[in-house]
**Q** 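My questions all concern the structure below.
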Amino acid sequence: MTTAQPTDQGVDDVVVRPRVAPRGLRIRLLVVAALGPLVLGFLAAASVSAVVLGSAPLAVFSVPEVLASARWIWLAAHQVPVTLRGAPLGVLPLLLTLVAVLLVTRSARASARRMRLRTPGPTQQLIGTIAASHGVFAAVLAAVQPEGGAVATPTTAFAGAALVSGAAATIALAETCGLAELISRLDASIRRGVYVGVLGVAAFLAVGALLFCVGLLVAFPKAAAMFLDTGQGVAEFFGVALLCLAYLPNIVIAGTSFALGSGFAVGKAVIAPIGMALAPVPSVPLLAALPPVSSRWWLAVFVLPLLVGVLVGWCCRTASPDPMERLKAVAVAAVVIGLALFVLAFVAGGRLGGGPFDPVTVQAGKVVLAAAGWVLVPGAVVAWAFAPKDTAAAETGGDTEAEGDADEAEVADTDTEDESGAEVEPEDAEADPEAAQEAAQEAESDDESEIDDEASDVAEESDVDVDDFEDDFEDDFEDEVSDEVDEEDVYRFEPLPEEFEAEASPTTVPIEDEDDRLARELAEELGEELTIEDEDPEPPAAKR
């Protein structure tokens with residue numbers, strides 16, 4: 001059921017407002033949106049924990065152990081650093097974070113749809129409720145410290161879980177929370193830069209994934225040997241496979257940093273196209289894709305980020321006819337790419353237990369500078385030089401056309417002044433009447449010529465030939481006149497017969513026509529006197 005309210009624009013223009021959910025239903029939906037992702041996420045973490053503990057031959061499988069392991073998995077999914085028996089663990093699996101983000105976005109969209117949220121206020125309230133509930137739940141899990149278990153700081157847990165869930169809910173409800181409206185108010189070039197920046201982030205991550213796949217295919221025998229060295233049990237294979245899958249996004253981000261030239265480090269080992277330092281790395285099948293030796297051929301990977309920069313410039317080349325606006329779009333795209341890769345590089349690394357492989361570092365500062373360089377330089381060149389033809393024509397042809405129109409207007413004004421007749425001053429007119437009369441005749445002829453010119457212009461616009469029109473008009477007029485003349489009674493003066501002239505005399509009564517005779521006979525029958533006046537009276541005397 002909807003309510004329609006007419007506006008000042010007319011009866012047809014109405015404002016349709018959807019029915020708002022009742023207050024009680026909104027409260028229940030807020031609770032569902034806040035607790036739904038928490039329950040589903042914790043159940044998923046408990047399921048993974050139960051499978052791992054159940055497959056391990058020496059592990060103690062019990063409900064407390066499963067719940068204890070599940071809470072650390074849930075905290076790790078929300079990027080909360082923990083300490084395991086004094087060993088800090090900050091390299092957290094990003095795949096679990098992606099799962100948590102998907103759960104939050106799905107729950108937020110479902111709740112917003114059922115609550116019929118269309119304005120930023122209630123939507124922001126929903127986002128705040130989701131973020132606060134996740135932060136409080138994470139703080140509670142971190143505050144519970146069993147003996148000999150892992151340790152996490154409640155404040156850090158609250159901040160990490162609230163940021164992850166709040167960001168996920170904001171992205172899911174961008175259309176109604178005010179984010180999309182904020183972006184739509186920006187300039188066209190800035191908007192294009194934001195959209196192209198998101199595309200550039202995806203392109204750089206695709207480059208990192210490509211490098212990882214190529215390296216893993218080349219080192220596939222080595223990766224298979226690492227799997228076999230883990231043990232012969234199913235639990236060992238399952239645990240290692242799950243570990244590799246959970247850290248797959250981390251290695252993709254590390255591959256992106258390698259392609260940009262900044263590289264990454266695992267302990268003392270530095271993996272980069274320039275300045276590579278070889279050192280032992282953990283025996284994990286994922287790390288088998290790392291380059292075994294330093295070589296100049298690794299410089300060829302710089303072609304990939306160069307292509308991404310060209311892609312960004314190609315997408316920004318149609319942002320505006322103004323070259324500076326296109327460069328602004330490229331700069332905005334570089335900023336978006338740099339910020340996104342900075343956040344991803346920051347969360348991809350961290351502490352690794354304080355051992356020989358600690359820490360795992362993806363240098364976020366170098367990633368930002370490298371990404372900005374690869375985007376700005378080739379992107380600016382492509383956006384400046386390879387503008388579309390219509391855009392280039394709009395740049396160079398606009399001023400030329402304007403100047404041409406101005407020149408034509410000046411020429412037309414000059415011709416008009418030359419063709420128009422000179423006006424005669426009053427003094428000249430009094431002094432020379434003949435000159436004044438000639439000037440008046442010239443003015444009349446100019447007016448007639450102007451009228452003829454206007455008629456010709458109208459005829460040209462309507463695709464009608466003026467000469468043909470005049471000929472047709474004259475022919476039609478002659479036909480009408482001839483038809484009228486033929487239809488009228490025309491008196492023809494012919495000579496009288498000789499016998500009539502002989503009988504006629506000056507005193508002879510004029511011969512009456514048939515109408516006069518009938519009128520006279522009718523008057524005699526009625527006994528009245530009839531006077532017939534001459535139908536052709538004498539013309540008045542001419543005035544002298």
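For clarity, every value in this text was computed on a predicted model and none was experimentally measured.
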**Q** Heavy atoms, side chains only, cut-off 4.5 Å: are V367 and T256 in contact?
**A**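 No - every pair of side-chain heavy atoms lies 4.5 Å or more apart.
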**Q** Is there a side-chain contact between L327 and M324 (heavy atoms, below 4.5 Å)?
**A**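 The answer is yes; the side chains approach within 4.5 Å.
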**Q** Can you confirm whether L95 sits close enough to Y247 that some side-chain heavy atom of one is under 4.5 Å from a side-chain heavy atom of the other?
**A**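 Not touching, per the 4.5 Å side-chain cut-off.
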**Q** Report, one line per pair, each donor and acceptor closer than 3.5 Å where one atom sits in a side chain of residues 167-176; sequence neighbours left out.
**A**
unit_1, atom_1, unit_2, atom_2, d
T170, OG1, G166, O, 2.7
T176, OG1, T123, OG1, 3.4

**Q** Look at the aromatic rings of W74 and F137 and report parallel, tilted or perpendicular, splitting at 30° and 60°.
**A**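 Rings of W74 and F137: perpendicular, as their planes differ by over 60°.
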**Q** Give me the atom names and distance for the closest heavy-atom approach of W72 to A152.
**A**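 Nearest heavy atoms, W72 then A152: CZ3-CB, 3.8 Å.
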**Q** How long is the straight-line distance from CG of L102 back to OG1 of T97, given to the nearest 0.5 Å?
**A**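 One gets 11.0 Å once the value is rounded to the nearest 0.5 Å.
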**Q** So, S262 and S257: side-chain donor and acceptor under 3.5 Å apart, yes or no?
**A**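 Result is yes, a qualifying pair exists.
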**Q** For the CZ atom of F258 and the CD1 atom of I251, what is their distance to the nearest 0.5 Å?
**A**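 If we round to the nearest 0.5 Å, F258:CZ and I251:CD1 are 11.0 Å apart.
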**Q** Check step by step if side chain to side chain contact (heavy atoms under 4.5 Å, CB included) holds for V101 and T105.
**A** CA-CA 6 Å; V101 168; T105 54; 4.2 Å; yes
**Q** Do L290 and V281 have side chains that approach each other closer than 4.5 Å (heavy atoms only, starting at C-beta)?
**A**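 A side-chain contact under 4.5 Å exists here.
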**Q** Keeping to residues at least two apart or across chains, list the salt bridge (charged side-chain N to carboxylate O under 4.0 Å, His left out) pairs with something in residues 327-341.
**A**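 Counting only pairs at least two positions apart or across chains, the salt bridge (charged side-chain N to carboxylate O under 4.0 Å, His left out) contacts touching residues 327-341 are E325-K328.
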**Q** Are L210 and V214 packed together at the side-chain level, in the sense that at least one heavy-atom pair is separated by less than 4.5 angstrom?
**A**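 Yes - at least one pair of side-chain heavy atoms lies under 4.5 Å apart.
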**Q** Distance-only, no hydrogens or angles: does the S165 side chain make a donor-acceptor pair with backbone N or O of A161 under 3.5 Å?
**A**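 Yes.
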**Q** Please tabulate, one pair per line, all N/O donor-acceptor pairs under 3.5 Å involving side-chain atoms of residues 332-354, not counting sequence neighbours.
**A**
unit_1, atom_1, unit_2, atom_2, d
R351, NE, D358, OD1, 3.2
R351, NE, D358, OD2, 2.7
R351, NH2, D358, OD2, 2.8

**Q** Please determine whether the number of non-hydrogen atoms from other residues, nucleotides or ligands lying under 6.0 Å from atom CZ of R191 exceeds 12.
**A**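 Yes, enclosed.
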**Q** Please set out all donor-acceptor pairs under 3.5 angstrom arising from side-chain atoms of residues 359-366, sequence neighbours excluded.
**A**
unit_1, atom_1, unit_2, atom_2, d
Q363, OE1, K366, NZ, 3.0

**Q** List the atom of F158, the atom of A139, and the distance in Å for their closest heavy-atom pair.
**A**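 Smallest heavy-atom distance, with atoms named: CB-CB, 4.2 Å.
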**Q** With rounding to the nearest 0.5 angstrom, report the CE to OG distance, M226 to S283.
**A**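 Answer for the CE-OG pair, M226 versus S283, is 4.5 Å.
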**Q** Please tabulate, for side-chain N and O atoms in residues 32-50, each donor-acceptor pair with protein atoms closer than 3.5 Å (sequence neighbours left out).
**A**
unit_1, atom_1, unit_2, atom_2, d
S47, OG, L43, O, 2.8
S49, OG, V66, O, 3.3

**Q** Which heavy-atom pair separates L29 from S111 by the least distance, and what is that distance?
**A**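 Closest pair (atom of L29, atom of S111, distance): O-OG, 3.7 Å.
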**Q** Mind checking whether L299 and I274 have side chains closer than 4.5 Å, heavy atoms only?
**A**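 With C-beta onward as the side chain, the pair touches.
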**Q** Please report the interatomic distance CZ(R192) to CG(D187), rounded to the nearest 0.5 Å.
**A**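 One gets 13.5 Å once the value is rounded to the nearest 0.5 Å.
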**Q** Just so I know, are the side chains of L92 and V80 near enough to count as touching, which here means a heavy-atom distance under 4.5 Å?
**A**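 L92 vs V80: side chains apart.
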**Q** Give a yes or no on whether the backbone of A383 and the side-chain of R326 come within a donor-acceptor separation of less than 3.5 Å.
**A**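 Side chain of R326 to backbone of A383, a donor-acceptor pair under 3.5 Å: yes, one is there.
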**Q** Of all the heavy-atom pairs spanning A331 and L376, show the shortest one and how long it is.
**A**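 So the two residues come closest at CA-CD2, 3.8 Å.
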**Q** Can you tell me if S133 uses its side chain to pair, donor with acceptor, with the backbone of I130 under 3.5 Å?
**A**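 Confirmed, S133 side chain pairs with I130 backbone.
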**Q** Using the six-membered ring wherever Trp is involved, compare the ring planes of H78 and H134 and label them parallel, tilted or perpendicular (cut-offs 30° and 60°).
**A**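 Aromatic pair H78/H134 classed tilted.
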**Q** State which residues pass salt bridge (charged side-chain N to carboxylate O under 4.0 Å, His left out) with R185; sequence neighbours excluded, sorted by chain then number.
**A**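 Counting only residues at least two positions away or on another chain, R185 forms a salt bridge (charged side-chain N to carboxylate O under 4.0 Å, His left out) with E181.
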**Q** What distance separates I253 CD1 from F212 CZ, expressed to the nearest 0.5 Å?
**A**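 It comes to 13.0 Å.
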**Q** Does any non-hydrogen side-chain atom of R71 lie less than 4.5 Å from one of V144?
**A**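 Counting from C-beta outward, V144 and R71 do come under 4.5 Å.
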**Q** For residues L211 and A259, report the shortest heavy-atom separation together with the two atoms involved.
**A**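 Residues L211 and A259, closest heavy atoms: CD1-CB, 3.5 Å.
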**Q** Roughly how far, to the nearest 0.5 Å, is the CG atom of L117 from the CD1 atom of I127?
**A**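 It is 9.5 Å, given to the nearest 0.5 Å.
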**Q** Checking V91 against F357 for the side chain to side chain contact (heavy atoms under 4.5 Å, CB included) test, could you report, in this order, the C-alpha distance in whole Å, the side-chain angles of both residues, the deciding distance, and whether it holds?
**A** CA-CA 11 Å; V91 185; F357 309 117; over 6 Å; no
**Q** Could you check, using the six-membered ring where one of them is a Trp, whether F302 and W374 have ring centers closer than 6.0 angstrom?
**A**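 Yes - the distance between ring centres of F302 and W374 falls below the 6.0 Å cut-off.
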**Q** So, is the end of the R317 side chain (NZ or CZ) under 6.0 Å from the ring centre of W314 and within 45° of the ring's axis?
**A**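 Checked: cation-pi criterion met.
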**Q** Looking only at non-hydrogen atoms, find the nearest pair between C244 and V284 and report the distance.
**A**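 Looking at all heavy atoms of both residues, the shortest contact is SG-CG1, 4.0 Å.
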